[in-house]
Amino acid sequence: MQKTLYLFASGRLRRKDNTICVESEEGTKYFPVTSLRDIVVFGEVDLNKKLLEFMQENEVVLHFFGHYGNYVGSFYPREHYNSGYVILRQAEHYLDPGRRLNLARKFVEGALANILQVLRYYQNRGKDLAPYIEPIACLAGDRLSLCGNIEELMAIEGNARAYYYDSFNIILEGAPFVIKGRSKRPPADPLNALISFGNSLIYTKVLTEIYKTHLDPRIGYLHATNFRRFTLNLDVAEIFKPIFADRVLFTLVGKKMIGSGDFKRHGAAVLLKESGRRLYVKELEDKLQTTFYHRRLKRNVSYQTLIRLELYKLEKHLIGEETYEPFVSRW
Amino acid sequence: MATDIRVIGSFVQAMMICPRQVWLMSRQICPDEDNVFLELGRLIGSHAYGRERKEVHLGHLCLDLVRRGGREFVVGEVKKSSRAREAARMQLAFYLYELREMGIEAEGELLFPEERRRERVVLDAGLIQQVEELKRRIIAVIYRDKPPPPQKIPFCSKCAYAELCWA
């Protein structure tokens, strides 16, 4: 199983013979290149072209985050799974308004279904979430199927998310944090900081998996494509955000593993400190390594693999083989 | 699809096992390169018979190994195991057939280095007929609009396409 390497400390990332070498104040560490799928860089890291070439040869994706935990960009090595056929199909589905809407709707459908699944889980644990579940279920039902364009889809998703984020206060009753609506640039409170951080990690996770498929990350369906930014990963991440990122958040805050001391204030922004980021990343990685039985593959797969499988499903939809149905968690 | 469809060795091998694989390959939808069995096969292919001539590209053919054997050329095809022996045999027969079309007479040898086994393949009338028939079937699959639906066969368990097929 290939792993993700997270670099928090500042230092130097370089190629040493045929391994990856990380030099920092904490010391020098080596990581076999074949054991790495991607590297997420938070610290101030020096690197050179030789390292990038090495990353390209070994198909390792690099994701960079800024000082405030903001996503800076990725080193997406030259494509190695090239299929002109698939890219043309992907573009064809983007250009045809009907097909595009259909796919975009599936992503929202999947996102809302998974949100409802998370809420039902906590309802079964005695939280009074009916006032949130009902309106979201209503949006996920008729309202979604009647949508005539992408803007309406986005609006419905936004409404549903507004209810959803409000419900965090009920789910996390007794926790020291309260969320007053979603705020992104900048996050106004610790919960918003956690949501933002988690979502950006999920975006990079999906992007890395897209690299391992024949899909082009620049052509998305729900999020506007402008051929400058990766968008397909944003689409697919919608499905996984509730079941990966938000569940990790509930665990960390609910079990009081993370506290006020793991955040810092910077002007109007609340940011995660390194200690908080480490906690989050650890919990997320544990989650992604969790396996469950896949009925069609007839074997156990991890959540990490699940992301790839979702992309394969999308590929099959584009080929015209099998209609895409988003993954909906059952538990 | 492009008008110029050329059958290549790997299509022949795939056709014997799973026509769906042929269709996917023809669209450059390549398998998951991280698959351990693929890596293992590649490793064996590149390390075995290190002293002999390796990987000869001749037009659309990619021959693992070529050497002189008496008067004729001997074309070797290296395989990880004999599990898909019949498929490997047809792949080699296809190479011999194509070489003959180019005016080169050759003999074939299947090589299973891990099993320390070799097997001679000679292109006879029966084999020629099989190759021609196989080529026709391959073209027919490639011309299909959609891939043949996946079918659960014993090879699925170690196939690098399995996740794509059964996702």
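Only heavy atoms go into these numbers, but all of them, side chains included; no hydrogens, no water, no symmetry mates.
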query = Around atom CD of B:Gln129, are there more than 12 heavy atoms of other residues, nucleotides or ligands at under 6.0 Å?
reply = no
query = Would one find more than 12 heavy atoms of other residues, nucleotides or ligands at under 6.0 Å from atom CD of B:Gln151?
reply = no
ask   = Which answer fits A:Arg308, side chain, backbone, both or neither, if we ask what part of it has an atom under 4.5 Å from a heavy atom of chain B?
value = side chain
inquiry  = Please give me the minimum heavy-atom distance between A:Leu297 and B:Ala162, naming the atom from each residue.
reply    = CD2-O, 3.9 Å
key: Nearest-0.5 Å distance, CZ of residue B:Arg27 to CD of residue A:Glu315   = 13.5 Å
ask   = Is there a donor-acceptor contact under 3.5 Å from the side chain of A:Lys212 to the main chain of B:Asp32?
value = no
ask   = Quick one: does A:Val86's side chain get under 4.5 Å of B:Gln28's, heavy atoms only?
value = no
ask   = Looking at CH2 of B:Trp166 and NZ of A:Lys298, how far apart are the two atoms once the value is rounded to the nearest 0.5 Å?
value = 7.0 Å
Under 3.5 Å: donor-acceptor pair, side chain of B:Lys146, backbone of A:Ile319 = no
inquiry  = At a heavy-atom distance under 4.5 Å, which candidate from A:Arg295, A:His214, A:Glu322 has the highest pair count against chain B?
reply    = A:His214
Contacting moiety of A:Gln2, where chain B heavy atoms sit under 4.5 Å = side chain
ask   = Got more than 12 heavy atoms from elsewhere within 6.0 Å of CZ, A:Phe64?
value = yes
A:Glu321 vs B:Arg20 side-chain heavy atoms within contact, under 4.5 Å = yes
key: Region of B:Cys156 in contact with chain A, defined by heavy-atom distances below 4.5 Å   = neither
inquiry  = Is it true that, when you exclude A:Lys282 itself, more than 12 heavy atoms of the residues, nucleotides or ligands shown sit nearer than 6.0 Å to its NZ?
reply    = no
ask   = Which pair of heavy atoms, one from A:Tyr312 and one from B:Ala167, lies closest together, and at what distance?
value = CB-CB, 3.9 Å
Where A:Arg299 and B:Glu163 come nearest, the two heavy atoms and their spacing = NH2-OE2, 2.6 Å
message = Counting heavy-atom pairs under 4.5 Å with chain B, which one of A:Lys313, A:Lys316, A:His294 comes out on top?
response = A:Lys316
request  = Measure A:Thr305 against the heavy atoms of chain B and call it side chain, backbone, both or neither at under 4.5 Å.
outcome  = side chain
ask   = What heavy-atom pair brings A:Tyr85 and B:Ile29 nearest, and what distance separates the two atoms?
value = CD2-CD1, 4.3 Å
ask   = Does atom CZ of A:Arg296 have more than 12 heavy-atom neighbours, drawn from other residues, nucleotides or ligands, at distances under 6.0 Å?
value = yes
